[in-house]
Amino acid sequence: MRGIITTPFVEPPGDEPPSAIVLDAVDGAGQRVDRYLAARIEGVSRTRLQQWIALGAVRCDERALGASTRLKGDERIVVEPQPREADTAFAPDAVALQFAYEDDDLLVVDKPAGLVVHPAAGNWRGTLMNGLLYHRPALARLPRAGIVHRLDRDTSGLLVVAASERAFASLSAQLAERSMGRRYLALVVGVCRENGTIDAPIGRDPVSRVRMTVACAQRGKAARTHYERLALGRLDGRDLSLLECRLESGRTHQIRVHLRSIGHPLVGDALYGGPALAGFARQALHAWRLALRHPADGRPMQWRSPLPADLRALCAAAGIDVDAIEACE
(Lines give C-alpha, C1' and ligand atoms only; values in the text may rest on other atoms or scores of the structure.)
Protein backbone atom coordinates (compact mmCIF):
# COMPACT_ATOMS: atom_id res chain seq x y z
CA MET A 1 0.00 0.00 0.00
CA ARG A 2 2.76 2.44 -0.94
CA GLY A 3 1.86 6.08 -1.12
CA ILE A 4 -1.07 5.86 1.34
CA ILE A 5 -1.09 8.51 4.06
CA THR A 6 -1.54 6.73 7.36
CA THR A 7 -3.20 7.96 10.55
CA PRO A 8 -1.35 7.04 13.76
CA PHE A 9 -3.27 5.66 16.73
CA VAL A 10 -1.92 6.01 20.27
CA GLU A 11 -3.57 4.41 23.29
CA PRO A 12 -4.76 7.23 25.59
CA PRO A 13 -3.51 7.24 29.19
CA GLY A 14 -5.67 5.95 32.05
CA ASP A 15 -9.43 6.03 31.57
CA GLU A 16 -9.37 8.84 29.04
CA PRO A 17 -11.49 7.86 26.01
CA PRO A 18 -9.70 7.83 22.63
CA SER A 19 -10.75 10.32 20.00
CA ALA A 20 -12.66 9.15 16.94
CA ILE A 21 -10.70 8.69 13.72
CA VAL A 22 -12.33 10.12 10.60
CA LEU A 23 -11.15 8.94 7.17
CA ASP A 24 -12.26 10.00 3.71
CA ALA A 25 -11.99 6.79 1.69
CA VAL A 26 -11.28 8.41 -1.68
CA ASP A 27 -8.38 5.98 -2.18
CA GLY A 28 -10.33 2.91 -1.06
CA ALA A 29 -12.62 2.08 -3.98
CA GLY A 30 -13.06 -1.68 -4.29
CA GLN A 31 -11.24 -2.53 -1.05
CA ARG A 32 -12.62 -4.39 1.96
CA VAL A 33 -13.19 -2.14 4.96
CA ASP A 34 -10.94 -4.14 7.30
CA ARG A 35 -8.02 -4.23 4.87
CA TYR A 36 -8.38 -0.56 4.03
CA LEU A 37 -8.40 0.47 7.69
CA ALA A 38 -5.42 -1.77 8.48
CA ALA A 39 -3.47 0.08 5.80
CA ARG A 40 -4.65 3.54 6.87
CA ILE A 41 -4.50 3.34 10.67
CA GLU A 42 -1.00 2.93 12.02
CA GLY A 43 -0.43 1.12 15.31
CA VAL A 44 -3.56 -1.11 15.26
CA SER A 45 -3.52 -4.71 14.02
CA ARG A 46 -6.07 -5.92 11.49
CA THR A 47 -7.34 -8.43 14.07
CA ARG A 48 -8.04 -5.66 16.54
CA LEU A 49 -9.68 -3.55 13.85
CA GLN A 50 -11.94 -6.50 13.04
CA GLN A 51 -12.99 -6.58 16.70
CA TRP A 52 -13.87 -2.89 16.53
CA ILE A 53 -15.87 -3.52 13.36
CA ALA A 54 -17.69 -6.45 15.02
CA LEU A 55 -18.64 -4.17 17.92
CA GLY A 56 -20.16 -1.66 15.50
CA ALA A 57 -17.45 0.94 16.15
CA VAL A 58 -16.81 1.58 12.43
CA ARG A 59 -19.57 3.56 10.71
CA CYS A 60 -20.47 5.50 7.61
CA ASP A 61 -23.50 7.81 7.62
CA GLU A 62 -24.45 6.48 11.08
CA ARG A 63 -24.54 2.89 9.80
CA ALA A 64 -22.22 0.18 11.05
CA LEU A 65 -19.97 -1.34 8.39
CA GLY A 66 -19.07 -5.01 8.07
CA ALA A 67 -15.46 -6.16 7.74
CA SER A 68 -16.06 -7.44 4.20
CA THR A 69 -17.96 -4.38 2.97
CA ARG A 70 -16.48 -3.16 -0.31
CA LEU A 71 -15.85 0.57 -0.42
CA LYS A 72 -17.04 2.78 -3.28
CA GLY A 73 -14.49 5.52 -2.63
CA ASP A 74 -16.93 8.25 -1.57
CA GLU A 75 -17.39 7.16 2.04
CA ARG A 76 -16.48 9.16 5.14
CA ILE A 77 -15.61 6.50 7.69
CA VAL A 78 -15.79 7.18 11.43
CA VAL A 79 -13.78 4.79 13.63
CA GLU A 80 -14.32 4.82 17.39
CA PRO A 81 -11.23 3.12 18.91
CA GLN A 82 -12.09 0.63 21.65
CA PRO A 83 -10.01 -0.09 24.78
CA ARG A 84 -8.03 -3.29 25.20
CA GLU A 85 -10.80 -4.73 27.40
CA ALA A 86 -13.04 -4.82 24.34
CA ASP A 87 -10.78 -7.27 22.49
CA THR A 88 -12.66 -10.29 23.90
CA ALA A 89 -16.12 -8.69 24.13
CA PHE A 90 -17.46 -10.17 20.89
CA ALA A 91 -17.95 -13.65 22.31
CA PRO A 92 -20.91 -15.93 23.20
CA ASP A 93 -22.33 -16.02 26.73
CA ALA A 94 -25.27 -18.10 27.98
CA VAL A 95 -27.58 -15.14 28.64
CA ALA A 96 -31.26 -16.02 29.02
CA LEU A 97 -33.23 -14.23 26.29
CA GLN A 98 -36.94 -14.14 25.49
CA PHE A 99 -37.93 -13.93 21.82
CA ALA A 100 -41.21 -12.53 20.54
CA TYR A 101 -40.35 -13.79 17.05
CA GLU A 102 -37.53 -15.31 15.03
CA ASP A 103 -36.87 -16.64 11.54
CA ASP A 104 -33.92 -16.85 9.15
CA ASP A 105 -33.81 -13.07 8.67
CA LEU A 106 -34.70 -11.46 11.94
CA LEU A 107 -35.22 -11.90 15.66
CA VAL A 108 -37.38 -9.78 17.93
CA VAL A 109 -36.17 -9.80 21.53
CA ASP A 110 -38.39 -8.88 24.48
CA LYS A 111 -35.66 -7.40 26.67
CA PRO A 112 -35.98 -7.28 30.45
CA ALA A 113 -34.97 -4.18 32.36
CA GLY A 114 -31.42 -4.41 33.68
CA LEU A 115 -29.91 -6.17 30.67
CA VAL A 116 -27.21 -4.20 28.83
CA VAL A 117 -27.66 -4.43 25.05
CA HIS A 118 -24.13 -3.86 23.79
CA PRO A 119 -20.68 -4.34 25.39
CA ALA A 120 -19.15 -1.12 26.70
CA ALA A 121 -17.02 0.11 29.57
CA GLY A 122 -18.01 -1.74 32.74
CA ASN A 123 -20.06 -4.33 30.83
CA TRP A 124 -17.80 -6.11 28.36
CA ARG A 125 -19.50 -9.51 28.76
CA GLY A 126 -22.91 -10.89 29.66
CA THR A 127 -24.78 -8.45 27.44
CA LEU A 128 -27.70 -9.08 25.11
CA MET A 129 -25.22 -9.15 22.23
CA ASN A 130 -23.23 -11.92 23.92
CA GLY A 131 -26.47 -13.84 24.46
CA LEU A 132 -27.38 -13.49 20.79
CA LEU A 133 -24.01 -14.93 19.76
CA TYR A 134 -24.64 -17.90 22.07
CA HIS A 135 -28.20 -18.42 20.79
CA ARG A 136 -27.28 -18.10 17.11
CA PRO A 137 -23.49 -18.25 16.43
CA ALA A 138 -23.93 -17.27 12.75
CA LEU A 139 -24.69 -13.72 13.92
CA ALA A 140 -20.95 -13.29 14.41
CA ARG A 141 -20.61 -12.38 10.74
CA LEU A 142 -22.72 -9.24 11.22
CA PRO A 143 -21.70 -5.98 12.94
CA ARG A 144 -22.91 -5.89 16.56
CA ALA A 145 -24.28 -9.43 16.03
CA GLY A 146 -27.09 -7.92 13.96
CA ILE A 147 -28.24 -5.32 16.50
CA VAL A 148 -29.53 -2.36 14.50
CA HIS A 149 -30.94 -0.25 17.35
CA ARG A 150 -30.64 -0.25 21.12
CA LEU A 151 -32.58 0.13 24.33
CA ASP A 152 -31.08 1.60 27.48
CA ARG A 153 -30.12 -0.93 30.14
CA ASP A 154 -33.11 -0.15 32.38
CA THR A 155 -35.63 0.18 29.55
CA SER A 156 -37.65 -2.96 28.86
CA GLY A 157 -39.39 -4.16 25.73
CA LEU A 158 -39.03 -4.97 22.05
CA LEU A 159 -35.81 -4.77 20.07
CA VAL A 160 -35.26 -6.12 16.54
CA VAL A 161 -32.07 -7.91 15.45
CA ALA A 162 -31.01 -8.71 11.89
CA ALA A 163 -30.07 -12.36 11.29
CA SER A 164 -28.80 -11.98 7.72
CA GLU A 165 -26.88 -9.46 5.64
CA ARG A 166 -29.98 -8.52 3.62
CA ALA A 167 -31.92 -8.04 6.84
CA PHE A 168 -29.18 -5.86 8.32
CA ALA A 169 -29.26 -3.63 5.23
CA SER A 170 -33.08 -3.54 5.11
CA LEU A 171 -33.63 -2.84 8.82
CA SER A 172 -30.89 -0.19 8.88
CA ALA A 173 -32.56 1.50 5.90
CA GLN A 174 -35.99 1.36 7.57
CA LEU A 175 -34.54 3.07 10.63
CA ALA A 176 -32.80 5.70 8.50
CA GLU A 177 -35.93 6.47 6.47
CA ARG A 178 -38.06 6.46 9.66
CA SER A 179 -40.47 3.83 8.39
CA MET A 180 -39.91 1.46 11.32
CA GLY A 181 -42.60 2.02 13.94
CA ARG A 182 -41.34 2.14 17.54
CA ARG A 183 -43.75 3.11 20.30
CA TYR A 184 -42.99 3.36 24.01
CA LEU A 185 -45.03 3.69 27.18
CA ALA A 186 -43.60 6.25 29.58
CA LEU A 187 -44.84 7.19 33.05
CA VAL A 188 -43.85 10.79 33.74
CA VAL A 189 -44.22 13.33 36.50
CA GLY A 190 -46.90 16.01 36.14
CA VAL A 191 -50.03 16.56 34.09
CA CYS A 192 -48.75 16.47 30.52
CA ARG A 193 -50.58 17.99 27.54
CA GLU A 194 -52.88 15.60 25.69
CA ASN A 195 -50.44 15.35 22.77
CA GLY A 196 -47.51 17.12 21.21
CA THR A 197 -44.22 16.90 19.34
CA ILE A 198 -40.79 17.66 20.76
CA ASP A 199 -38.43 18.67 17.96
CA ALA A 200 -35.06 19.47 19.52
CA PRO A 201 -31.47 18.38 18.74
CA ILE A 202 -29.75 16.14 21.28
CA GLY A 203 -26.05 16.17 22.11
CA ARG A 204 -23.63 15.11 24.82
CA ASP A 205 -23.95 17.07 28.06
CA PRO A 206 -20.79 19.22 28.34
CA VAL A 207 -20.76 18.77 32.12
CA SER A 208 -21.40 15.01 32.38
CA ARG A 209 -20.25 12.39 29.84
CA VAL A 210 -23.01 9.96 30.90
CA ARG A 211 -25.83 12.41 30.20
CA MET A 212 -27.33 13.80 27.03
CA THR A 213 -29.07 17.15 26.70
CA VAL A 214 -31.09 19.30 24.33
CA ALA A 215 -28.46 21.19 22.35
CA CYS A 216 -28.12 23.71 19.57
CA ALA A 217 -28.22 22.44 15.99
CA GLN A 218 -24.45 22.83 15.62
CA ARG A 219 -23.68 20.70 18.68
CA GLY A 220 -26.49 18.16 18.59
CA LYS A 221 -28.20 15.74 16.23
CA ALA A 222 -31.76 16.25 14.99
CA ALA A 223 -34.33 14.42 17.11
CA ARG A 224 -38.12 14.33 17.11
CA THR A 225 -40.49 12.64 19.56
CA HIS A 226 -44.30 12.57 19.26
CA TYR A 227 -46.33 11.85 22.39
CA GLU A 228 -49.95 11.24 23.36
CA ARG A 229 -51.33 11.16 26.88
CA LEU A 230 -53.15 7.90 27.56
CA ALA A 231 -54.05 8.28 31.25
CA LEU A 232 -53.59 10.36 34.38
CA GLY A 233 -52.71 9.06 37.83
CA ARG A 234 -51.46 10.13 41.23
CA LEU A 235 -48.92 8.56 43.57
CA ASP A 236 -47.09 9.76 46.68
CA GLY A 237 -48.75 13.15 46.32
CA ARG A 238 -47.54 13.62 42.72
CA ASP A 239 -49.62 13.89 39.56
CA LEU A 240 -48.50 11.44 36.87
CA SER A 241 -49.17 10.98 33.14
CA LEU A 242 -48.89 7.78 31.16
CA LEU A 243 -47.71 8.65 27.65
CA GLU A 244 -47.27 6.77 24.42
CA CYS A 245 -44.17 8.09 22.67
CA ARG A 246 -43.39 7.58 18.99
CA LEU A 247 -39.88 8.12 17.70
CA GLU A 248 -38.89 9.62 14.38
CA SER A 249 -35.21 9.35 15.28
CA GLY A 250 -33.20 7.18 17.65
CA ARG A 251 -30.79 9.33 19.62
CA THR A 252 -29.23 8.18 22.87
CA HIS A 253 -31.67 8.71 25.78
CA GLN A 254 -34.00 10.55 23.38
CA ILE A 255 -37.33 10.06 25.17
CA ARG A 256 -35.77 10.66 28.58
CA VAL A 257 -34.07 13.88 27.48
CA HIS A 258 -36.99 15.24 25.47
CA LEU A 259 -39.60 14.67 28.18
CA ARG A 260 -37.35 16.19 30.84
CA SER A 261 -36.87 19.23 28.58
CA ILE A 262 -40.62 19.98 28.74
CA GLY A 263 -40.76 19.50 32.50
CA HIS A 264 -41.96 15.89 32.66
CA PRO A 265 -39.09 13.57 33.67
CA LEU A 266 -39.74 9.83 33.78
CA VAL A 267 -40.54 8.31 37.15
CA GLY A 268 -37.43 6.61 38.54
CA ASP A 269 -35.03 8.27 36.10
CA ALA A 270 -32.43 9.57 38.58
CA LEU A 271 -30.04 10.60 35.79
CA TYR A 272 -32.57 13.13 34.49
CA GLY A 273 -34.26 14.17 37.71
CA GLY A 274 -37.15 11.70 37.87
CA PRO A 275 -38.21 10.77 41.43
CA ALA A 276 -38.23 7.12 42.56
CA LEU A 277 -41.89 7.06 43.58
CA ALA A 278 -43.04 4.04 45.59
CA GLY A 279 -39.44 2.81 45.50
CA PHE A 280 -39.42 2.48 41.68
CA ALA A 281 -35.74 3.04 40.91
CA ARG A 282 -35.42 2.66 37.13
CA GLN A 283 -36.78 4.83 34.36
CA ALA A 284 -40.45 3.97 33.81
CA LEU A 285 -40.06 3.30 30.09
CA HIS A 286 -41.15 0.29 28.04
CA ALA A 287 -40.81 -0.37 24.29
CA TRP A 288 -44.27 -1.87 23.86
CA ARG A 289 -44.97 -1.79 20.10
CA LEU A 290 -42.77 -2.50 17.09
CA ALA A 291 -43.75 -2.47 13.40
CA LEU A 292 -41.59 -3.04 10.31
CA ARG A 293 -41.45 -4.53 6.83
CA HIS A 294 -40.03 -8.03 6.66
CA PRO A 295 -36.59 -7.87 4.98
CA ALA A 296 -37.31 -10.88 2.72
CA ASP A 297 -40.64 -9.95 1.14
CA GLY A 298 -41.65 -6.55 2.51
CA ARG A 299 -44.79 -7.78 4.28
CA PRO A 300 -45.82 -5.62 7.25
CA MET A 301 -45.26 -7.16 10.67
CA GLN A 302 -45.96 -5.90 14.17
CA TRP A 303 -45.56 -7.02 17.77
CA ARG A 304 -46.63 -5.90 21.22
CA SER A 305 -44.97 -6.51 24.56
CA PRO A 306 -47.10 -6.37 27.72
CA LEU A 307 -45.87 -4.12 30.50
CA PRO A 308 -43.47 -5.93 32.86
CA ALA A 309 -44.69 -6.68 36.37
CA ASP A 310 -42.83 -3.85 38.12
CA LEU A 311 -44.11 -1.13 35.79
CA ARG A 312 -47.61 -2.63 35.79
CA ALA A 313 -47.65 -2.53 39.60
CA LEU A 314 -46.44 1.08 39.58
CA CYS A 315 -49.25 2.12 37.24
CA ALA A 316 -51.80 0.25 39.35
CA ALA A 317 -50.55 2.04 42.48
CA ALA A 318 -51.10 5.34 40.63
CA GLY A 319 -54.67 4.32 39.74
CA ILE A 320 -53.98 3.76 36.04
CA ASP A 321 -55.85 0.89 34.34
CA VAL A 322 -53.12 -0.59 32.14
CA ASP A 323 -55.26 -3.55 31.06
CA ALA A 324 -57.77 -1.22 29.39
CA ILE A 325 -54.97 0.60 27.56
CA GLU A 326 -53.36 -2.60 26.33
CA ALA A 327 -56.71 -3.88 25.11
CA CYS A 328 -57.08 -0.92 22.73
CA GLU A 329 -55.75 -1.16 19.19
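Bear in mind the structure is a predicted one, so any value in this text is a computation, not a measurement.
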Legend entry - Arg224 CZ to Gln254 CD distance, which is reported to the nearest 0.5 Å: 10.5 Å

Legend entry - Close side-chain approach of Ile53 to Thr69, heavy-atom, < 4.5 Å: no

Inset, instruction - Please round to the nearest 0.5 Å and tell me the distance separating atom CG of Asp297 and atom CZ of Arg299. - result: 4.5 Å

Legend entry - Student check: side-chain heavy atoms of His253 and Arg211 closer than 4.5 Å: no

Legend entry - Backbone of Leu259 reached by a side-chain donor or acceptor of Arg256 within 3.5 Å: no

Inset, instruction - Report yes or no: do Tyr134 and Val108 belong to one cluster of Ile/Leu/Val/Met/Phe/Trp/Tyr joined by side chain heavy-atom distances under 4.5 Å? - result: no

Legend entry - Side chains of Leu97 and Leu128 in contact at under 4.5 Å (non-hydrogen atoms): yes

Legend entry - Working for side-chain contact (heavy atoms from CB on, under 4.5 Å), residues Leu37 and Val44: CA-CA 9 Å; Leu37 294 180; Val44 184; over 6 Å; no

Legend entry - From CA spacing to verdict: side-chain contact (heavy atoms from CB on, under 4.5 Å), Leu243, His264: CA-CA 11 Å; Leu243 309 179; His264 297 291; 5.7 Å; no

Legend entry - Closest non-hydrogen atom pair between Trp124 and Pro83, with its separation: CZ2-CG, 3.4 Å

Legend entry - Asp205 (side chain) donor-acceptor with Val207 (main chain) under 3.5 angstrom: yes

Inset, instruction - Give the C-alpha distance, both sets of side-chain angles, the deciding distance and a yes or no for side-chain contact (heavy atoms from CB on, under 4.5 Å) between Arg251 and Val257. - result: CA-CA 10 Å; Arg251 307 306 177 198; Val257 172; over 6 Å; no

Legend entry - Atom pair CG (Asp321) and CG (Leu230), whose distance is rounded to the nearest 0.5 Å: 12.0 Å

Legend entry - From Val191, Asn195, Leu242, residue fulfilling side chain to side chain contact (heavy atoms under 4.5 Å, CB included) relative to Arg229: Val191

Inset, instruction - Work out which heavy atom in Asp105 is nearest to a heavy atom in Ala167; give both atom names and the distance. - result: O-CB, 3.0 Å

Legend entry - Hphob cluster co-occupancy, Val26 + Tyr36, side-chain heavy atoms under 4.5 angstrom: no

Inset, instruction - Determine, using the 4.5 Å side-chain heavy-atom cutoff (strictly less than), whether Leu266 and Leu277 are members of one ILVMFWY cluster. - result: no

Legend entry - Residue pair Arg40 / Asp27, side-chain heavy-atom distance below 4.5 Å: yes

Inset, instruction - Let me know which of Val267, Leu314, Leu232 forms a side chain to side chain contact (heavy atoms under 4.5 Å, CB included) with Leu240. - result: Val267

Inset, instruction - Run the salt-bridge test on Asp310 and Arg282 with the 4.0 Å N-O cut-off and return the result as yes or no. - result: yes

Inset, instruction - Check the hydrophobic clustering (I, L, V, M, F, W, Y; side-chain heavy atoms under 4.5 Å; chains of links allowed) and say if Leu23 and Val58 are grouped together. - result: yes

Legend entry - Residue of the set Thr155, Leu187, Leu151 for which side chain to side chain contact (heavy atoms under 4.5 Å, CB included) holds with Leu285: Thr155

Inset, instruction - Might you confirm whether atom CZ of Arg76 has over 12 heavy atoms from other residues, nucleotides or ligands at distances under 6.0 Å? - result: no

Inset, instruction - Over all heavy atoms of both residues, which pair between Ser172 and Val148 is shortest? Give the atoms and the distance, please. - result: OG-CG1, 3.9 Å

Inset, instruction - Check the side chains of Trp288 and Glu326 for a donor-acceptor pair under 3.5 angstrom, ignoring hydrogens and angles. - result: no

Legend entry - Nearest heavy atoms of Leu55 and Ala89, plus distance in Å: CD2-CB, 4.2 Å

Inset, instruction - Take the angle between the ring planes of His294 and Tyr101 and call it parallel below 30°, perpendicular above 60°, tilted in between. - result: perpendicular

Legend entry - Interatomic distance, Leu65 atom CG to Arg32 atom CZ [nearest 0.5 angstrom]: 12.5 Å

Legend entry - Contact check, side chains of Asp199 and Glu248, non-hydrogen atoms, under 4.5 Å: no

Legend entry - Under 3.5 Å donor-acceptor, Arg48 side chain and Gln82 backbone: yes

Inset, instruction - State, with a plain yes or no, whether a side-chain heavy atom of Pro295 is found less than 4.5 Å away from one of Leu106. - result: yes

Inset, instruction - Consider only side-chain heavy atoms of I, L, V, M, F, W and Y, link residues closer than 4.5 Å, and tell whether Val95 and Val161 are in one cluster. - result: yes

Legend entry - Heavy-atom closest contact (Leu158 atom, Ala100 atom, distance): CD2-CB, 4.1 Å

Inset, instruction - Give a yes or no on whether the backbone of Gly73 and the side-chain of Glu75 come within a donor-acceptor separation of less than 3.5 Å. - result: yes

Legend entry - Residues, nucleotides or ligands: over 12 heavy atoms within 6.0 Å of Arg193 CZ: no

Inset, instruction - Please check if any side-chain donor atom of His258 sits under 3.5 Å from a side-chain acceptor atom of Tyr227, or the reverse. - result: no

Inset, instruction - Would you check if there is a donor-acceptor pair between the side chains of Gln174 and Ser170 at a distance under 3.5 Å? - result: yes

Inset, instruction - Determine the minimum heavy-atom distance between Leu107 and Ala163, stating which atoms define it. - result: CD1-CB, 3.6 Å

Inset, instruction - Say whether, by atom type as modelled, one donor and one acceptor occur between the side chain of His286 and the main chain of Ser305 under 3.5 angstrom. - result: yes

Inset, instruction - Would you indicate whether Glu177, at its atom CD, is surrounded by more than 12 heavy atoms from other residues, nucleotides or ligands within a distance under 6.0 Å? - result: yes

Legend entry - Side-chain touch Leu311/Leu185, heavy atoms, less than 4.5 angstrom: no

Legend entry - Verdict with supporting geometry, Arg63 and Asp61, salt bridge (charged side-chain N to carboxylate O under 4.0 Å, His left out): CA-CA 5 Å; Arg63 298 188 190 184; Asp61 295 331; over 6 Å; no

Inset, instruction - Hey, could you give me the CD1/CH2 distance between Ile21 and Trp52, rounded to the nearest 0.5 Å? - result: 5.5 Å

Inset, instruction - Taking Ser261 for its side chain and Val214 for its backbone only, find out whether a donor-acceptor pair lies under 3.5 Å. - result: no

Legend entry - Side-chain (Glu228) to main-chain (His226) donor-acceptor, under 3.5 angstrom: no

Legend entry - Short side-chain to backbone donor-acceptor contact, Asp93 and Gly126, under 3.5 Å: yes

Legend entry - Tyr272 atom OH, neighbour heavy-atom count above 12 within 6.0 Å: yes

Inset, instruction - Measure from the side-chain N and O atoms of Asp152 to the backbone N and O of Asp154, and report whether any donor-acceptor pair falls under 3.5 Å. - result: no

Legend entry - Derivation of the side-chain contact (heavy atoms from CB on, under 4.5 Å) call for Thr88 and Gln51: CA-CA 8 Å; Thr88 60; Gln51 289 291 334; over 6 Å; no

Inset, instruction - Please confirm whether the backbone N or O of Leu142 pairs with a side-chain atom of Glu165, one donor and one acceptor, at under 3.5 Å? - result: no

Legend entry - Non-hydrogen side-chain atoms of Met212 and Arg204 separated by less than 4.5 Å: yes

Inset, instruction - Give, for atom CD of Gln98 and atom CG of Leu115, the distance between the pair rounded to the nearest 0.5 Å. - result: 12.0 Å

